[in-house]
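Everything below concerns the one structure shown next.
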Amino acid sequence: MTLLELQNQLKLQIRGAALARWGVELEGINAETPPRPDLGDVAFPVAFELARLIKQGTGIKVAPRAIAEELKPALEAPAEVSRVEIAGAGYINVFFDRAKLLADFSVSTLAPAETITDESRPKMMVEHTSINPNKAAHIGHVRNAVLGDTFVRILRAAGQRVEVQNYIDNTGVQVADVVVGFMDIEGMNLDQIKAMDQSLTGEQSFDYYCWDLYTRVGLFYRDDNPTADPNPEKLKLRTEVLHALEAGHNPTAELADYVATRNVECILDTMDRLDIRYDLLARESDILGLHFWDRAFELMKQAGVIRLESEGRSKGCWVMPFESHTGTEEHEADKVIVRSNGTVTYTGKDIAYQLWKLGHLGLDFNYRPFRTYANGQIAWTTSTVPNSDVLPEVPRPSFGGGVTVYNVIDSRQSYPQEIVARGVAALVPELGKSASVHFGYEMVALSVAACDDLGIDLSDDDRARPFIEMSGRKGLGVKADDLIDRLEVDARREVGSRHPELSPEEWQATAHEIAVGALRYFLLKFTRSTVIIFDFKEALSFEGETGPYCQYAAVRANSIFRKLDSQAPAAAWDLIRNAGSDEAIRTKVADALQGETGTEIWSLVMLAEKFDEVIAQAAASAEPANVAKYTFNLARAFNLFYHRHRIIAEGDATKKAVLVATADIARRQLTAALLTLGINVPERM
RNA sequence: GGGCCUGUAGCUCAGUGGAAUUAGAGCGUCUGUCUUCUAAACAGAAUGUCGCAGGUUCGAGUCCUGCCAGGCUCACCA
């Protein structure tokens, strides 16, 4: 029996008792952890709520304490419960049979988070990263990818089947701008770009080249004056490129496709460094090429979701009524979906794509493999070329048709996301708005100090602001690969001085794990609604509340088991399990878990066993920071345990068995928690 | 002006309506702990008008209302 199962059983007991005794149907029952472990293992404040419900139902006033007393027998029933105490005004504190439960935990080992592929299971869909493929990724993009990837891991740990998508906007303005840069600033054709790409060394990759070029394009439009308005003549170049991209099958589109694809490859390389991988790259050019929008347009017209305006400021446009902004009557807030010139807006395309994700468009993409990762996983890409033309066709999973779609997009996009969700809900009422979830989060910004550090000039106005927004257009940002490189250099220096016996390859591998741990944890410890004001000192730290701190705790735990006699762990668990049948052993195990010291050891076991519950809650609330905080607390509790108890040297066999079992549970759960955050535990550090 | 979000220690942040004397971490500051299973660690000290004012109830940092301060957003751009 796991802790979660036991808690659910206790809740069932309470629900049953409340129904039998007072005829009250309890909805959700809250289980709490008492403020101190000596007060009990789990507490239920349910008597207070029952008092209110009983009064509502019957008018009779019953004291919470009396209710708690009446619930007590039901909670004492399970074999895992040793006793129940009523405390304070009506708290029900439950104490577990620690010896029995510890034995149970040995068999309830956490199932490894396997990827579920059973196609009959409902599918969750998570779209994240979705970086415009015209430049290198910066730290803000990494927050998106790490949040999305971690949420995917959380859903999988919670037993869900998940498909991961990365949307590639390869026909938008941003790609067009870089194409303008190549053609009109650099004067390059496709062959010259390819040659340049080939000549790039490890120092500068294609996405870095584009990063710089992109900022030059911004200046080029403004005739090299950063504060001036763009020159309309030069903006025409962008418009021409955009038209060429939309039309397809021309040299400009071919050039743009090369540029976008190379940037996608670079960005995927960056994300792969952080153990972030994708099932499908959905490309905008294929959404256009396969006429997804035309189908969606028909559906929307048929359903009466949009209407053609015959007068007013939106005359000639197809709009979707959207009445949430009722502040001023002069501007109705209807959202234009099709412009008066007949072209579709971004929102319109997004509705079509969202319909496909939910399996309600009635059209599908074609697919081909894009890359194979080192672990054998294949990232597919959408295509306009029929699958049957790609012979022999590789077996592929079925894409799309999600039950719930999570779009990981920063909260600046919450307005358009709301419109997409409403549009889809209006078209397919049986789905409802809950099928489309905007997984929003605040941006990563730069502090004034960080800008100084990066050598960025700021205006006095900017200096007065609480933070500086990053901007790809202005080249303002911390590039992801730069930061990872810097973390790896720092970690490698540290590992090198601590473990001179290791080989350079081992240094590098360990430094890499530590760098990933530091970066991922740094981005995950903040809740989604917090703006991260990027600070080099904090991001580069390996001490305190950091990923490496958590990794270190697991490394220390593993080191105990490396040095322990090889038979010891199995022997320890045998002894703990025998406590079930042998009364003498049982008493000794129970003793080891009693008193101040025993309770402290037991509290680590309890915390470790809460992992399932934390995962369930993080999946329901879509808040990866919960798992990060939990992981840190577990690591902290383990470090304290490690400091207080000498496990290998422990002389008493029973005590030693309890310590070994506790350390085993802690390291197993800590490793699982870290893995859910996408952080691996190195051999040594 | 409308919508969404934020305001908790010197700094950066956690905190599902719950505790009988104490609102928590990390960083920073001060003081201790390596001949030990790894000191990337552990222990202790100092630091708080939980933005302000009302309300709801057995109980409010948490819920409601109003106010103050800050951020994002509200195109036929993408």
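It should be emphasised that the depicted structure is a prediction, and the values quoted were computed from it without experimental measurement. Order of the sequence lines fixes the chain letters, A, B, ..., with proteins taken first and strands second; residue numbering starts at 1 for each chain.
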Side chains of [X] and [Y], donor plus acceptor under 3.5 Å:
| X | Y | result |
| --- | --- | --- |
| A:Lys610 | A:Thr33 | yes |
| A:Ser285 | A:Asn170 | yes |
| A:Tyr167 | A:Asn407 | no |
| A:Gln174 | A:Tyr214 | yes |
| A:Ser414 | A:Ser411 | no |

[M] and [N], which share atom name [atom1], separated by this distance in whole Å:
| N | M | atom1 | result |
| --- | --- | --- | --- |
| B:rG51 | B:rG71 | C1' | 15 Å |
| B:rA40 | B:rC64 | P | 46 Å |
| B:rC58 | B:rA23 | P | 24 Å |
| B:rG70 | B:rC52 | C1' | 15 Å |
| B:rC68 | B:rA53 | C1' | 11 Å |
| B:rG7 | B:rU12 | P | 13 Å |
| B:rA25 | B:rU35 | C1' | 34 Å |
| B:rC63 | B:rA19 | P | 16 Å |

Give one of base, sugar-phosphate or nothing for [X], where a contact means two heavy atoms less than 4.0 Å apart.
| X | value |
| --- | --- |
| A:Val495 | base |
| A:Val338 | nothing |
| A:Arg498 | base |
| A:Ala539 | nothing |
| A:Asn558 | nothing |
| A:Ile648 | base |
| A:Ala43 | base |
| A:Tyr642 | base |
| A:Asp410 | nothing |
| A:Gln551 | nothing |
| A:Met685 | base |

* Value rounded to 0.5 Å, distance of CE in A:Met685 from CZ in A:Phe542 ->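 Interatomic distance, A:Met685 CE to A:Phe542 CZ, rounded to 0.5 Å: 8.0 Å.
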* Asked: How many angstroms lie between atom CD1 of A:Ile92 and atom CZ of A:Phe48, to the nearest 0.5 angstrom?
  -> 9.0 Å
* Structure fact -> Note: for A:Arg644 and A:Tyr346 on RNA chain B, the residue whose nearest nucleotide lies more 5' is A:Arg644
* **Given RNA chain B, 5'-ward residue of the pair A:Phe44 and A:Arg238, judged by closest heavy atom** => A:Phe44
Rounding to an integer number of Å, can you tell me how far [X] [atom1] sits from [N] [atom2]?
| X | N | atom1 | atom2 | result |
| --- | --- | --- | --- | --- |
| A:Leu540 | B:rC27 | CG | P | 16 Å |
| A:Ile514 | B:rA40 | CD1 | C1' | 8 Å |
| A:Phe522 | B:rC27 | CZ | P | 15 Å |
| A:Leu308 | B:rC76 | CG | P | 15 Å |
| A:Tyr549 | B:rA39 | OH | P | 12 Å |
| A:Leu242 | B:rA78 | CG | C1' | 9 Å |
| A:Phe542 | B:rG26 | CZ | C1' | 16 Å |
| A:Asn93 | B:rG18 | CG | C1' | 12 Å |

* Check whether the aromatic ring of A:Tyr91 stacks on the base of B:rA19, taking stacking as ring centres less than 5.5 Å apart and planes within 30° of each other. => yes
* A:Glu683 atom CD, over 12 foreign heavy atoms within 6.0 Å -> no
* Asked: Under 6.0 Å from the CD atom of A:Glu501, do we count more than 12 heavy atoms belonging to anything else shown?
  ->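 Atom CD in A:Glu501 is crowded, with more than 12 foreign heavy atoms closer than 6.0 Å.
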* **Conformer about C1'-N of B:rC34 - syn within 90° of 0, anti elsewhere** => syn
Write out a two-atom table: protein N or O, nucleotide N or O from nucleotides 30-36 of chain B, distance below 3.5 Å.
{"from": "B:rU36", "atom 1": "O2", "to": "A:Arg646", "atom 2": "NH1", "distance (Å)": "3.2"}

* To do: Enumerate, in order of first residue number, the stems that involve RNA chain B, defined as 3 or more consecutive Watson-Crick or G-U wobble pairs with both distances under 3.5 Å.
  => B:1-7 with B:68-74, B:10-13 with B:24-27, B:29-33 with B:41-45, B:51-55 with B:63-67
* Do A:Arg667 and A:Phe561 meet the cation-pi criteria used here (NZ or CZ under 6.0 Å from the six-membered ring centre, within 45° of the axis)? ->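 Yes, a cation-pi geometry.
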* Aromatic A:Phe638 / basic A:Arg556 pairing, under 6.0 angstrom, 45° off normal -> no
Considering only [options], which nucleotide approaches the side chain of [X] most closely?
| X | options | value |
| --- | --- | --- |
| A:Asn30 | B:rG18, B:rA40, B:rU73 | B:rG18 |
| A:Arg636 | B:rA19, B:rA41, B:rG26 | B:rG26 |
| A:Arg412 | B:rU73, B:rA19, B:rA41 | B:rU73 |

* Which residues satisfy the ring pair (Phe, Tyr, Trp, His ring centres under 6.0 Å) test with A:Phe632, sequence neighbours excluded? -> A:Tyr549
* **Any pair counted as salt bridge (charged side-chain N to carboxylate O under 4.0 Å, His left out), so long as it reaches residues 513-524 of chain A, sequence neighbours left out** => A:Asp149-A:Arg520
* To do: Indicate for each nucleotide in nucleotides 10-15 of chain B, in 5' to 3' sequence, whether protein heavy atoms under 4.0 Å reach the base (B), only the sugar-phosphate (S), or nothing (-).
  => --SSSS
* Protein proximity profile, nucleotides 55-61 of chain B - base contact B, sugar-phosphate-only contact S, no contact -, cut-off 4.0 Å on heavy atoms -> ---B---
Mind listing the closest non-hydrogen atom pair of [X] and [Y] along with its distance?
| X | Y | answer |
| --- | --- | --- |
| A:Asn144 | A:Thr129 | OD1-N, 2.7 Å |
| A:Val338 | A:Val336 | O-CG1, 3.6 Å |
| A:Glu469 | A:Leu476 | O-CD2, 3.6 Å |

* **Distance-only donor-acceptor test, A:Arg556 side-chain atoms vs B:rA41 base atoms, 3.5 Å** =>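 No such pair is found, so the answer is no.
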* To do: Show your working on salt bridge (Lys or Arg N to Asp or Glu O under 4.0 Å) between A:Asp535 and A:Lys537 and close with a plain yes or no.
  => CA-CA 6 Å; A:Asp535 179 83; A:Lys537 187 174 163 294; over 6 Å; no
* Flag, side chain of A:Trp507 to backbone of A:His499, donor-acceptor distance under 3.5 Å ->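 At least one qualifying donor-acceptor pair exists.
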